[in-house]
Amino acid sequence: MADKVTASAPGKLVLFGEHAVVYGKPCIVTAVDQRLYVTVTKNGENAFHLSAPDLGLTAYSKTIDKLGGEGLPTGVRFIEVLYKRFLNDHPQTRGIDVVTRSEFSSSFGFGSSSAATVAFAMALFAVYGVEVSKQELFEICYQTVLEVQGVGSGFDVAAAIWGGTLYYVSPGKVVEQIKTGELPIVVGYTGIKADTPTLVRQVAEFRRKNPKTLEGVFNQIGVIVDKAKKALEEKNVTLLGSLMNENQQLLAELGVSSVELDTLNQAAVKAGALGAKLSGAGGGDCMIAVSQQSYGMGYSVLGIERSQKQNKNKYINIDKVRTAINQRGQWLDVKLGAEGARLEAGS
Ligand code: PMV
């Protein structure tokens, strides 16, 4: 058994269904090709050492009998809570050193906490030679996220574990891969960090006061998600675009959009995107837009396949959408549908 294991997990973006997923509706989430790496090394001491510079922490230690408790720094809570849960089931007298490294900023809303939790769990189980299924990994990671954060549908944990593009119903009731091929989706960052738990609680409060209205909104979002699944499978970008616009409208009704998100969405559509919406809890973080492009990739417009040459001047290029986003925010160069959690070579 290796004394040192590195695992990695991808970040994620919600494509459709945020917020409604907290109330039992499905959502569609995709893994991005930027990953978070966690290395776990047995240290032979009664100590837990953590260095997580990307989560805002450089050197943190305590003895392993003192894990958990109040006042943990945010960046380490997930890892420490999961480690404590692991030790309850698999007691040890000696501890570990944990080092994390992220390819993406924790400000983007790519789910750095979930990716860190999943990559850490995978490395931890591997370093002690404990076999776990993906479903078991999901359970322990999701319970950890709930313990730390109090709220959350778990779709981010699922994306970090399974990767790809998932049709998801909370809490892991349905986890289904959607075959999408390469997606002509552009991602824009507002430059503003959103606070997911606060927004989830804000929607919960809104729902408490207007149960009927919100039930209607969530139902409509659920219908959009099912249509979007089909549109993704059929690579119908025109339909995807209008579904994004509809979903955005409903999110605005929930009160979670923002001036910055609206600005980027409108800029993308003005530059030729077929539709745009916020991605995630809202209030900031990222938006996504779907564009027409690259018929070499098998996309069709109104069901008509065309060669790239024919469309060269006819259809607006994805680059225009990227540029428009870059002028008002930041275009993020990420690929979607990336691989889920994995052990890294040499582990
Ligand atoms: O802010 P993000 O990207 O973690 O997305 C939050 C999505 C919500 O549906 C609002 C919450 C959840 O846990 O599903």
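As the structure lists them, so they are numbered: ligands from 1, and atoms in each ligand from 1. Note: hydrogens, waters and symmetry copies are ignored here, and every other heavy atom, side chains too, is used.
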Which protein heavy atom lies closest to [atom], and at what distance to 0.1 Å?
| atom | result |
| --- | --- |
| atom 13 (O) of ligand 1 | S153 N, 2.8 Å |
| atom 1 (O) of ligand 1 | T196 OG1, 2.8 Å |
| atom 9 (O) of ligand 1 | H19 N, 2.8 Å |
| atom 7 (C) of ligand 1 | F155 CE2, 3.5 Å |
| atom 4 (O) of ligand 1 | K12 NZ, 3.5 Å |

Atom indices of ligand 1 within 4.0 angstrom of [X] heavy atoms, with elements:
| X | answer |
| --- | --- |
| V22 | 9 (O), 11 (C), 12 (C), 14 (O) |
| V200 | 10 (C), 11 (C) |
| V21 | 9 (O), 14 (O) |
| G152 | 13 (O) |
| G109 | 3 (O) |

Side-chain donor-acceptor pair under 3.5 Å between [X] and [Y], yes or no?
| X | Y | answer |
| --- | --- | --- |
| D156 | S114 | yes |
| T6 | T39 | yes |
| K230 | N236 | no |
| T165 | Q177 | no |

Say whether G154, considering both its backbone and side-chain N or O atoms, lies within less than 3.5 Å of an N or O atom on ligand 1.
-> no

Answer yes or no: is there a donor N or O on one side and an acceptor on the other, between the side chain of D97 and the main chain of T41, under 3.5 Å?
-> no

Are K277 and E18 ion-paired here, with the side-chain N under 4.0 Å from a carboxylate O?
-> yes

Can a cation-pi geometry be assigned to K12 and F155, taking NZ or CZ under 6.0 Å from the six-membered ring centre and within 45° of the ring axis?
-> no

After noting the C-alpha distance and the side-chain angles of R342 and E344, does the key distance pass the salt bridge (charged side-chain N to carboxylate O under 4.0 Å, His left out) rule?
-> CA-CA 6 Å; R342 64 177 184 229; E344 293 297 325; 2.8 Å; yes

